[in-house]
Chemist: 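Encoded as structure tokens, here's the structure I'll be asking about.
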Protein chains: 2
Amino acid sequence: MRILLVEDDRLLGDGVQAGLTGSGFTVDWVRDGDAALAALSAESFAAVLLDLGLPKRDGLSVLASLRSAGNPVPVLVLTARDQVADKIRGLDLGADDYVIKPFDLDELAARLRALVRRSQGRADASLRHGDVVLDPAGRTVKLKGEPVTLTGKEFDLLRMLLDAAGRVLTRRVLEEQLYAWGEAVESNALEVHIHHLRRKLGGELIRTVRGVGYLVDEAPR
Amino acid sequence: MRILLVEDDRLLGDGVQAGLTGSGFTVDWVRDGDAALAALSAESFAAVLLDLGLPKRDGLSVLASLRSAGNPVPVLVLTARDQVADKIRGLDLGADDYVIKPFDLDELAARLRALVRRSQGRADASLRHGDVVLDPAGRTVKLKGEPVTLTGKEFDLLRMLLDAAGRVLTRRVLEEQLYAWGEAVESNALEVHIHHLRRKLGGELIRTVRGVGYLVDEAPR
DNA sequence: TGCAAGCCTTAAGCCAGTCTTAAGCAGGCC
DNA sequence: GGCCTGCTTAAGACTGGCTTAAGGCTTGCA
């Protein structure tokens, strides 16, 4: 799950990036508002972590531009304890949640998961599809109740597909979400991961849409 | 906007109801989890405000029942400051947000608005024409409820025709849409695809307009 | 610091399904 | 009746995806 972190503080940014990466997110980090807007117009992210106190262009203004351009990406605001007013303005400007600094990394991860989940119009925590159950929090997958070990990339890929059950995800979208900048693949790595998923979970689950991408059918409950 | 408040504390409940009503919400208030589930199965709410510490059936259990029944209503959890663990469990069980007591009523209202706004952001219209249903997102087509496998070009063609139901699409328009520049066909490929579509979906759907192009009649619903 | 294990990427060959082409046929219109 | 447009069918080319295997990289552990 690819996240854009907008944070000017080097220390904090470093910690958040490391922590979230450890929780299975892919984190791209920019230091100011202009860079954030540039990144958001060029790439697609599952969510944005936005610090309000930024140099040059402040967080609220970034948020406002984003929303007035019609971009619906979920935004989680990072705010200091004494900025309650800003926080409320942020929510009304279209932020989806906020956390107060200092915050707990586990909590931040949980909130991000909730946010992304919500933004996709689904409110259930674990993703179910027939015999396959994926638990995003525990990073575990079961097939007919039996645990299946997936590697990191396999897990991310499966989660995206299940999240979007019923919709086709293009190669491009999958690759963008799977890889942060500077690690773009130019091979068939995606296909290889799909292949591994099929081997572990059966060939029925993931359908190929030739020339477009992959999808998992609408979930049978 | 109609909200269900689940709160056993009379004083707090009263305050929230009054405050939110003042902010333009319509608030139904129940005192325990069973009543909440009953209300939710009978009526429809834009969101639920759920206190975790309830008599009889506690909040997390209410949330779990709700989600396992597939109910996607946005849930905002009300929690005490010392229940961080519950809060995280709540988020992972499918809550969409929480606030810590004591909370500010304006903030609560702002969060509710953000929540509801977020929950309504999704609808991808499928194209229907009598027995034929085309889902652009899933790239699937059904005939009388049965899935039909179309190839890429067939699918694109059908989508164009359904999109323009009631209007004739000329050969020229169809070919331009179907083929990128530089790969113009100089054969009867279009006719062949139409033929395949008819074979798969029945000959009635697509009408030939001699000398002009093809059309699908105005959609019967 | 060195080793081992596992993960990810890369690359190459193979296969299947898709698309195009083309030729013959049917039917409408002048 | 002759011409023209569209239908049908089948064959071949080709693209894109699948599979497999090897090598490099990271990470954990001694």
Side-chain angles (χ1 to χ4, degrees), chain A residues 2 17-18 21-24 26 139 141 148-161 168-216, chain B residues 139-141 147-161 168-216:
Chain A
R2 188 170 173 198
Q17 187 173 41
T21 303
S23 297
T26 303
R139 258 188 114 71
V141 172
V148 177
T149 13
L150 298 188
T151 68
K153 287 274 194 279
E154 285 164 16
F155 183 88
D156 289 343
L157 196 48
L158 180 61
R159 180 176 48 198
M160 275 188 269
L161 289 167
V168 178
L169 293 181
T170 63
R171 227 156 231 285
R172 175 116 188 261
V173 166
L174 290 169
E175 285 177 351
E176 274 181 2
Q177 292 288 318
L178 219 47
Y179 302 95
W181 296 322
E183 48 171 30
V185 286
E186 49 210 70
S187 76
N188 60 349
L190 182 63
E191 289 164 26
V192 175
H193 292 309
I194 290 279
H195 175 59
H196 290 152
L197 277 175
R198 283 176 173 153
R199 197 162 59 192
K200 289 177 181 175
L201 300 171
E204 306 299 295
L205 184 66
I206 301 171
R207 243 179 52 211
T208 304
V209 180
R210 205 184 156 82
V212 183
Y214 298 90
L215 88 155
V216 163
Chain B
R139 257 188 117 75
T140 57
V141 172
V148 178
T149 12
L150 298 188
T151 69
K153 287 274 194 283
E154 285 163 17
F155 183 88
D156 291 342
L157 195 49
L158 180 60
R159 181 174 47 194
M160 275 187 269
L161 289 166
V168 178
L169 293 179
T170 63
R171 231 156 228 284
R172 172 120 186 259
V173 166
L174 290 170
E175 284 178 350
E176 273 179 3
Q177 293 286 318
L178 219 47
Y179 301 94
W181 297 322
E183 51 168 26
V185 286
E186 48 211 70
S187 77
N188 61 348
L190 181 63
E191 290 166 25
V192 175
H193 291 309
I194 290 281
H195 174 59
H196 289 154
L197 276 176
R198 284 177 173 153
R199 196 163 60 191
K200 288 177 180 175
L201 300 172
E204 307 299 296
L205 185 66
I206 301 171
R207 253 181 41 213
T208 304
V209 181
R210 211 180 152 81
V212 184
Y214 298 90
L215 90 155
V216 163

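The model shown is predicted, which means the values in this text are computed figures rather than measured ones. Lettering follows sequence order; numbering is per chain, from 1.
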Chemist: Is A/H193 near enough to C/dC7 that one of its side-chain N or O atoms lies under 4.0 angstrom from OP1 or OP2?
Modeler: no

Chemist: Axis-to-axis angle across the helix from C/dT1-D/dA30 to C/dC30-D/dG1, five pairs an end, to 10 degrees?
Modeler: 30°

Chemist: B/E191 CD to D/dA10 P: how many Å, rounded?
Modeler: 17 Å

Chemist: Decide, yes or no, whether a salt bridge links A/E191 with A/R171 under the criterion of side-chain N to carboxylate O below 4.0 Å.
Modeler: yes

Chemist: At their closest point, which heavy atom of A/T149 faces which heavy atom of A/E154, and how far apart are they?
Modeler: O-OE1, 4.5 Å

Chemist: Is a donor on one side and an acceptor on the other found under 3.5 Å between the side chain of A/K200 and the backbone of A/L150?
Modeler: no

Chemist: Send over the distance from B/R198 CZ to D/dT9 P, rounded to a whole Å.
Modeler: 13 Å

Chemist: Within the structure, does a side-chain N or O atom of B/Y214 lie under 4.0 Å from either OP1 or OP2 of D/dT5?
Modeler: no

Chemist: Could you go through the side chain to side chain contact (heavy atoms under 4.5 Å, CB included) check for B/L215 and B/L169 one step at a time?
Modeler: CA-CA 6 Å; B/L215 90 155; B/L169 293 179; over 6 Å; no

Chemist: Considering just the side-chain nitrogens and oxygens of B/H195, establish if one lies under 4.0 Å of OP1 or OP2 belonging to D/dT8.
Modeler: yes

Chemist: Begin from the C-alpha positions of A/V212 and B/R139 and carry the test side chain to side chain contact (heavy atoms under 4.5 Å, CB included) through to its verdict.
Modeler: CA-CA 10 Å; A/V212 183; B/R139 257 188 117 75; 3.8 Å; yes

Chemist: Got a second to check how far A/N188's CG is from A/H193's NE2, nearest 0.5 Å?
Modeler: 9.5 Å

Chemist: Given D/dT5, is OP1 or OP2 found less than 4.0 Å from the side-chain N or O atoms of B/R171?
Modeler: no

Chemist: At less than 4.0 Å, is any side-chain N or O atom of B/T208 found next to OP1 or OP2 of D/dT5? Yes or no.
Modeler: no

Chemist: Which heavy atom of A/L161 sits nearest to which heavy atom of A/Y214, and what is that distance?
Modeler: CD2-O, 3.9 Å

Chemist: Give me the distances for all protein-to-nucleotides 13-15 of chain C N/O pairs that come in under 3.5 Å?
Modeler:
none

Chemist: For the pair made of CG in B/L150 and P in C/dC19, what is the distance, rounded to whole Å?
Modeler: 10 Å

Chemist: Please confirm whether the backbone N or O of A/I206 pairs with a side-chain atom of A/R198, one donor and one acceptor, at under 3.5 Å?
Modeler: yes

Chemist: Between atom CZ in A/R199 and atom P in D/dT20, what is the gap in whole Å?
Modeler: 7 Å

Chemist: Could you tell me whether A/K153 and A/D156 make a salt bridge, using a distance below 4.0 angstrom between a side-chain N and a carboxylate O?
Modeler: no

Chemist: Just verifying a value: how many Å separate B/L197 CG and B/L158 CG, rounded to the nearest 0.5 Å?
Modeler: 5.5 Å

Chemist: Under 3.5 Å, which N/O atoms of the protein pair with N/O atoms of nucleotides 11-15 of chain D?
Modeler:
from	atom 1	to	atom 2	distance (Å)
D/dT15	O2	A/R210	NH2	2.6

Chemist: May I ask you to verify if any side-chain N or O of A/T151 is less than 4.0 angstrom from the OP1 or OP2 atom of C/dC8?
Modeler: yes

Chemist: Atom CG of A/L190 to atom P of D/dG16: distance rounded to whole Å?
Modeler: 15 Å

Chemist: Side chain to side chain contact (heavy atoms under 4.5 Å, CB included) between A/V216 and A/R207: does it pass, once the steps are laid out?
Modeler: CA-CA 6 Å; A/V216 163; A/R207 243 179 52 211; over 6 Å; no

Chemist: Could you work out which one of C/dT21, D/dG6, C/dT10 sits closest to the side chain of B/V192?
Modeler: C/dT21

Chemist: From CG of A/L157 over to P of C/dC7, roughly how many Å is that when rounded to an integer?
Modeler: 16 Å

Chemist: Whole-Å distance between C/dC7 C1' and A/L197 CG?
Modeler: 14 Å

Chemist: Applying side chain to side chain contact (heavy atoms under 4.5 Å, CB included), run through A/H196 and A/L201 and close with a yes or a no.
Modeler: CA-CA 9 Å; A/H196 290 152; A/L201 300 171; over 6 Å; no

Chemist: Separation of A/K200 atom NZ from C/dG6 atom C1', in whole Å?
Modeler: 11 Å

